[in-house]
Number of protein chains: 2
Amino acid sequence: MKIKKEVTIYDLAKELNYSPSTISRALNNHKSISKKTIKVIKEAAKEMGYRPNNLAAGLRNNRSNTIGILISRISRPFQASLISGIEETARKAGYSVLISQSNDKYENEVSNTNALYDSRITGLIVSLSMETVDMSHFQKFIDKGIPIVFVDRVPDNFNSYKVVIDNYTAGYSATKHLIEQGCKRIAHFAGAQHRNIYEERKKGYLDALKEYGLPIEKDLIIHFKTLSFEEGNKATKKLLKMSNPPDGIFSSNDTAAVSAIMCAKKMGVDVPHDLAVIGFNDDPIASIVQPSLSTVSHPANKMGAICARRILDHSVQNYDTDLSEITVLGTEIIVRDSSLKKVSVLESKQSR
Amino acid sequence: MKIKKEVTIYDLAKELNYSPSTISRALNNHKSISKKTIKVIKEAAKEMGYRPNNLAAGLRNNRSNTIGILISRISRPFQASLISGIEETARKAGYSVLISQSNDKYENEVSNTNALYDSRITGLIVSLSMETVDMSHFQKFIDKGIPIVFVDRVPDNFNSYKVVIDNYTAGYSATKHLIEQGCKRIAHFAGAQHRNIYEERKKGYLDALKEYGLPIEKDLIIHFKTLSFEEGNKATKKLLKMSNPPDGIFSSNDTAAVSAIMCAKKMGVDVPHDLAVIGFNDDPIASIVQPSLSTVSHPANKMGAICARRILDHSVQNYDTDLSEITVLGTEIIVRDSSLKKVSVLESKQSR
DNA sequence: TAAATTTATGCAATCGATGGCGATACCTAT
DNA sequence: ATAGGTATCGCCATCGATTGCATAAATTTA
C-alpha cells in the first residue's frame, strides 16, 4: 500500500514562497503577520491538506496539550461520568485526554503514572486506587511543575489540587434522614477506611447517631473490602439474622445498597418499613430497583469539568506546593422509596 | 516554584562518557551494545531519574504508540466496557489511549477525528455517531496507512477492519425466544435504521416472525430516535392502549426495555404473562429491575480487546484497503424473568 | 603474524514546529 | 528630506530520541 507523504509547514513554505517561520506564525495567528498573508497561508494549508504535527509542537514547546487521567475503573458509572466531564471541557479548550485505569491496584497506578509522565502531559487527574498509600510516584510531576488534581479519592498527606464532595456532610445527612424516618438501629456499610471518602462518610454517620442520642453499635458497622454486590448480600443476610436486626442501612455505595434491598425482599423483610435503605452515588440502578433506592447524588460530570478547569487554569508561577487547594462540592440527598417510612410532610398535611 | 530540569539521554551521555547514540541504544536493548554497558546505563538512568520523552521519540519515528478512541458516550455501560477492554490490552503492549466522545453528533466526530490525527495516533477505534453518514473524515487515516477499526456501529460503505456482534442472529434469537414463550403479537423497539446494528436487529426480528408464520404489523414496530427511557415510556403507553395490544416486546436496548417493564407495571399489565419483554446489551439495570430483564449480552470487554489487537497487529505491508476484515462475535440470550411465560423445561419435568 | 571478522561505539543528520533576534520596506512627523 | 516607528517576514538554533554509516577495538582465522 502506498502511503501519502505528510504535508508540513516546509511544504507550505516552498509552495507559497514564505519561510517556515511565517507559515507557523500565520497558522497560529501571530500578530506580526499581516491579515492578508494569514488568509493566503491558511487557505493553502487547507487546500493542501496540512495538519499540524502535535508531536513536533509538543517537543518544541515541552508540552503536549494533553490531560492525563488515572482512575480505578472506567466502567463504574461515577468514574465514567467523571471522565466524560473532563473530556468535554478539555476538548473545548483544544486539549486531548489520555486515560488509564489502575483496576484498584497500586502497581498499575505506579506504572500508569510513569507512562503518562513519559507522554509529557500538561496535567494529571487522579482518583487513587484502593490500595495506594505511598505517594512518591507522583513527586516527579510536582518537581516539574505539572499540576495534579486529585478527585474523589484523594490523599491527605500530599499537597495538591483536590476536588471532592463533602463526604462527611453527605454521610451525616443520609444518616439523619434515616433517623428522621424513625430508624433507631442504623447499620453502616463502610468502605476501606484509609480512603478518605469512606472514612468521612462513616464519620458523618457516627456523628449523626451521636447527635440524635442513638447508641453506636460495633456490630452494625460492616467494613467492606470492595462494596460489591456479593459482599452486600452477605452482610445483609448476616445483619437480618441477628436477634436484634437493624431497621436501617446507610451504605457507602449503591451497589451494596441495592443488594441489601434485594436480599431483604428475598428474606421477607419489608423495605422500607422494616428496613430503610439509603445508598451513595445515584447510579442508574438506584432508580430502577424496587423499591427505588434513596441515595446521595454526586455531581460527577461537574466534578470532571472542574478538574479539567484546574489543569487548564493552572499557572506555574503561582504554584505553591506547600498548600492544597481544595474544591468541595455539595451533594444532594435523593429521597426515593427505599427510605420513606413516613408519608412526606406535604402528603401528611394534605391528609388532614 | 522552581522547576527541575528534565534528564535527557544527553545528560546521561555526559555523565557516563558515552555518546547519546549509545545511551539510546542501550535503553532500547539494541543488540550491538554490550550487556555490561546496557546494565551500567540502565542503572544510571534509573538513578538519575531519567524518563523517556515520548514526544521526541514519536516525532522521530513518526508514530506515537497511542491508540485513539472515538465513541459516542463514555457513560454508556457498553461503551465504558469497550474502552476498558481497549485500555487494558493497549497498556499491556506499552501503548497509551486517547479518548474522545462525539455525543452522537457528526460535527464532533469530525473535529475529534482531526484532533486524533494531529496527535499522530498509531491506530483509531471508532463507534460511529448516530448522525454519521458521510465518511470522508476518515480518509486521511487510510491515506497514511493508519489502521481504523470500526466497532459495533460500523459503516457498510467503507472498507476497513470491523468488529461487530452478530446483530441479525441476536435479533432473530431474541424474537424466537419470545415466540417460543408463546407470544403472538410481538412489538419491536427499533433504533435509527441507518445504523447497522439497529437495522440488523430489526431484520432478525422480521425474519423470526416470518419463519414462525406470524404476521408483521407495522403498528407494532416503533422507530426510536435515541432509545431513551422517556421514549420507551411513551411508546409502551401507546402500545398498551391499543385495542389489541402486543403480548411481547423486543427492544433494541435495555434502557427502553426497562422503561417498558416499569410502564407496564404501572399500568397494571403483568410482565411477563401479559407482556413478555426482552432487551439488548445486558446493562447493570437489566438484572436489577423487577421482574429482571431478559436480554442479549454483548462481550463488550472482549470486543475492546480485539479492536486493540487489530491495531497492534496491523502491518502496513499487508494493508489492503479494497476489502474489509470483519470479526463477528457471538452473543448470548440471557433469559431472566421478564420473558419467562412458561416454566422452564427443567422445572416442568420436575413437576411431573 | 597479518588479514578478516566481529563487537562496540561515535558522528551527524533527521523528524516538524517554534520563536528570539535581526533585517527590510514602508510610513509618519518634524 | 531625515530620523524614528512600525509592520512583515526570514535565519537559525532548539526540543530529545533515533539510526545509517563510519570507525575503532577486540577477537578469530588463515
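So that the names make sense, note that chain A is the first sequence line, chain B the second, and so on, each numbered from 1. Quick caveat: nothing in here was measured; it's all calculated off a predicted structure.
Side-chain contact between A/Tyr106 and A/Asp134 is present, with heavy atoms from C-beta onward closer than 4.5 Å. Looking at A/Leu116 and A/Ser119, their side chains never come closer than 4.5 Å, going by heavy atoms from C-beta outward.
Nearest to the side chain of B/Thr8, among C/dT9, D/dG10, D/dA17, sits D/dA17. The side chain of A/Ser32 lies closest to D/dT8 when the candidates are D/dT8, C/dG19, D/dA17. The A/Ser19 side chain lies nearest to D/dC11 when the options are D/dC11, D/dT19, C/dG10. Checking D/dT18, C/dG10, D/dG16 against every side-chain atom of B/Glu6, the shortest atom distance belongs to D/dG16.
At a cut-off of 3.5 angstrom, counting only N and O atoms as typed in the model, there is no donor on one side facing an acceptor on the other between the side-chain of B/Arg60 and the base of D/dG20. A donor-acceptor contact under 3.5 angstrom links the side-chain atoms of A/Ser21 to the base of C/dG19. Side-chain atoms of B/Arg25 and base atoms of C/dG10 include a donor and an acceptor less than 3.5 Å apart.
Atom pair B/Ile9:CD1 and C/dT14:P shows a separation of 18 Å (rounding to whole Å applied). Spacing between atom NZ of B/Lys31 and atom C1' of D/dT19 amounts to 12 Å, rounded to whole angstrom units. Nucleotide C/dG16 holds its C1' atom 12 Å from the CG atom of A/Leu27, rounded to whole Å. Atom CG in B/Asn54 sits about 20 Å away from atom P in C/dC15, given to the nearest Å. In this structure, A/Tyr10 atom OH and D/dG10 atom P are separated by 13 Å, rounded to whole Å. One interatomic measurement links the two molecules: CG of B/Asn61 to C1' of D/dC15, which rounds to 15 Å at whole-angstrom precision. The interatomic distance linking A/Asn29 (CG) with C/dG19 (P) rounds to 13 Å, in whole Å. For the pair B/Arg51 CZ and D/dC15 P, the interatomic distance rounds to 21 Å; values are reported in whole Å.
Residues from residues 33-42 of chain A that place a heavy atom under 4.0 Å from any atom of DNA chain D, listed by number: A/Ile33, A/Ser34, A/Thr37.
Of the residues near DNA chain D, A/Asn17 and A/Arg120, the one whose nearest nucleotide (by heavy atom distance) lies more toward the 5' end is A/Asn17. The residue among B/His30 and B/Leu59 whose nearest nucleotide of DNA chain C lies closer to the 5′ end is B/His30. The residue among A/Arg63 and A/Ala56 whose nearest nucleotide of DNA chain C lies closer to the 5′ end is A/Ala56.
Between B/Glu6 and A/Arg120, at least one side-chain nitrogen of the basic residue sits less than 4.0 Å from a carboxylate oxygen of the acidic one, meeting the salt-bridge criterion. The pair A/Asp104-A/Arg153 meets the salt-bridge criterion, with a side-chain N (NZ, NE, NH1 or NH2) lying under 4.0 Å from an Asp/Glu carboxylate O.
Closest approach of A/Ile41 and A/Ala26 over heavy atoms only: CD1-CB, 3.5 Å. The nearest pair of heavy atoms linking A/Arg76 to A/Arg73 is NH2-NH1, 3.1 Å.
Side-chain atoms of A/Glu87 and B/Ser100 include no donor-acceptor pair closer than 3.5 Å.
Considering only side-chain N and O atoms, A/Tyr18 lies under 4.0 angstrom from the phosphate OP1 or OP2 of D/dC9.
Between the side chain of B/Ser84 and the backbone N or O of B/Ala80, no donor-acceptor pair lies under 3.5 Å.
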